Amino acid sequence: MLQRVLASLTNVEGVEQAMLLDDRGNLLACVGNEGIVPPVDAALDVTNLALELCSTLDLGTLYEIWCEGDERMMIDISGPGRIAVLSGKGGRLAGWRHALDRNRRILATTPQM
């Protein structure tokens with residue numbers, strides 16, 4: 001089921017990789033183009049920096065991160081211990097966000113491996 005959900009996310013315009021991480025940074029599942037390494041380290045670095053910033057500046061809870069440019073990444077804290085990451089080029093981030101919203105329940109409730 002999880003692989004099917006992640007595969008559907010790669011059908012969104014511009015999304016090349018869809019992955020799910022746990023709160024310790026472990027890759028639970030990933031779907032993307034063959035031969036391309038998923039940007040796990042980049043996603044973890046950005047997430048850790050944003051969490052530290054939220055804590056230091058007392059900004060509240062972190063729910064999502066949007067990284068825009070030639071290469072894009074959307075990081076979504078889907079639930080306790082579940083971080084969904086989409087990466088790619090082009091497309092509309094609002095479309096990426098909508099696709100994540102539609103699948104949030106499945107992503108948030110995936111059992112720990």
Side-chain angles (χ1 to χ4, degrees):
M1 178 67 140
L2 178 58
Q3 291 296 106
R4 191 172 26 174
V5 169
L6 292 176
S8 73
L9 291 171
T10 62
N11 292 328
V12 176
E13 182 185 353
V15 176
E16 296 173 359
Q17 295 273 343
M19 56 187 154
L20 187 65
L21 308 170
D22 69 9
D23 57 349
R24 294 179 303 231
N26 298 315
L27 181 64
L28 299 176
C30 179
V31 174
N33 297 335
E34 188 174 338
I36 297 176
V37 178
V40 175
D41 291 336
L44 290 174
D45 289 345
V46 169
T47 303
N48 288 332
L49 184 61
L51 286 168
E52 185 178 321
L53 186 63
C54 285
S55 175
T56 301
L57 298 177
D58 197 26
L59 297 174
T61 305
L62 176 67
Y63 293 106
E64 66 185 25
I65 303 165
W66 296 26
C67 302
E68 298 185 60
D70 292 336
E71 294 190 20
R72 298 177 176 191
M73 184 179 297
M74 176 176 280
I75 302 169
D76 184 84
I77 312 301
S78 300
R82 296 296 176 263
I83 302 167
V85 181
L86 302 179
S87 65
K89 298 176 184 169
R92 298 179 60 178
L93 287 176
W96 295 19
R97 178 75 172 111
H98 179 69
L100 282 171
D101 279 344
R102 284 192 327 250
N103 294 290
R104 179 175 308 285
R105 186 179 55 79
I106 294 169
L107 295 170
T109 58
T110 303
Q112 179 71 26
M113 304 290 174

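Nothing fancy with the numbering, it's 1 onward along the sequence. Not measured: the values here are computed from a predicted model.
Put simply, the side chain of Thr56 gets close to the backbone of Glu52: a donor and an acceptor are under 3.5 Å apart. Using a distance-only test at 3.5 Å, with no hydrogens or angles considered, a donor-acceptor pair links the side chain of Trp96 to the main chain of Glu13. Put simply, the side chain of Asn103 never gets that close to the backbone of Ile106: no donor and acceptor are under 3.5 Å apart. Formation of a donor-acceptor pair under 3.5 Å by the Asn26 side chain with backbone atoms of Asp22 is not found in this model. A side-chain donor-acceptor contact under 3.5 Å links Thr10 to the backbone of Ala7.
Residues Met1 and Leu107 share a hydrophobic cluster, clusters being chains of Ile/Leu/Val/Met/Phe/Trp/Tyr side chains in contact below 4.5 Å. Tracing side-chain contacts under 4.5 Å through hydrophobic residues (I, L, V, M, F, W, Y), one reaches Ile65 starting from Leu27; they form part of the same cluster. Transitive grouping of hydrophobic side chains (ILVMFWY, heavy atoms separated by less than 4.5 Å) keeps Leu100 and Met73 in distinct clusters. Cluster annotation: Leu6 is not connected to Val37 through the hydrophobic network of ILVMFWY side chains, with a link wherever side-chain heavy atoms come within less than 4.5 Å. No chain of hydrophobic side-chain contacts below 4.5 Å, direct or via other Ile, Leu, Val, Met, Phe, Trp or Tyr residues, connects Leu2 to Ile75.
Using a 4.5 Å heavy-atom cutoff, the side chains of Ile83 and Ser78 are not in contact. Using a 4.5 Å cut-off on side-chain heavy atoms (C-beta onward), Gln17 and Cys30 make contact. In this structure, the side chains of Asp45 and Leu49 stay at 4.5 Å or more apart for every pair of heavy atoms. Residues Val40 and Leu21 meet the side-chain proximity criterion, which asks for heavy atoms closer than 4.5 Å. Looking only at side-chain heavy atoms (C-beta outward), Arg72 and Lys89 stay at 4.5 Å or farther from each other.
To the nearest 0.5 Å, the span separating CG on Leu86 from CE on Met19 amounts to 8.5 Å. We find the CD1-CG distance between Ile77 and Asp23 to be 9.5 Å, quoted to the nearest 0.5 Å. Distance CG/Leu9 to CE/Met74: 11.0 Å, rounded to 0.5 Å.
The two residues Gln3 and Ala29 come nearest to each other via the heavy atoms OE1-CB, 3.2 Å. Closest approach of Val12 and Ala99 over heavy atoms only: CG2-CB, 3.6 Å. Looking at every heavy atom in both residues, Glu68 comes nearest to Leu93 through CG-CD1, 3.1 Å.
Environment of CZ in Arg92: sparse, with no more than 12 heavy atoms of neighbouring residues, nucleotides or ligands closer than 6.0 Å.
Side-chain atoms of Glu64 and Trp66 form a donor-acceptor pair, as typed in the model, at a separation below 3.5 Å.
Under 4.0 Å is where a charged nitrogen must lie from a carboxylate oxygen, and between Arg97 and Asp76 at least one such pair does.
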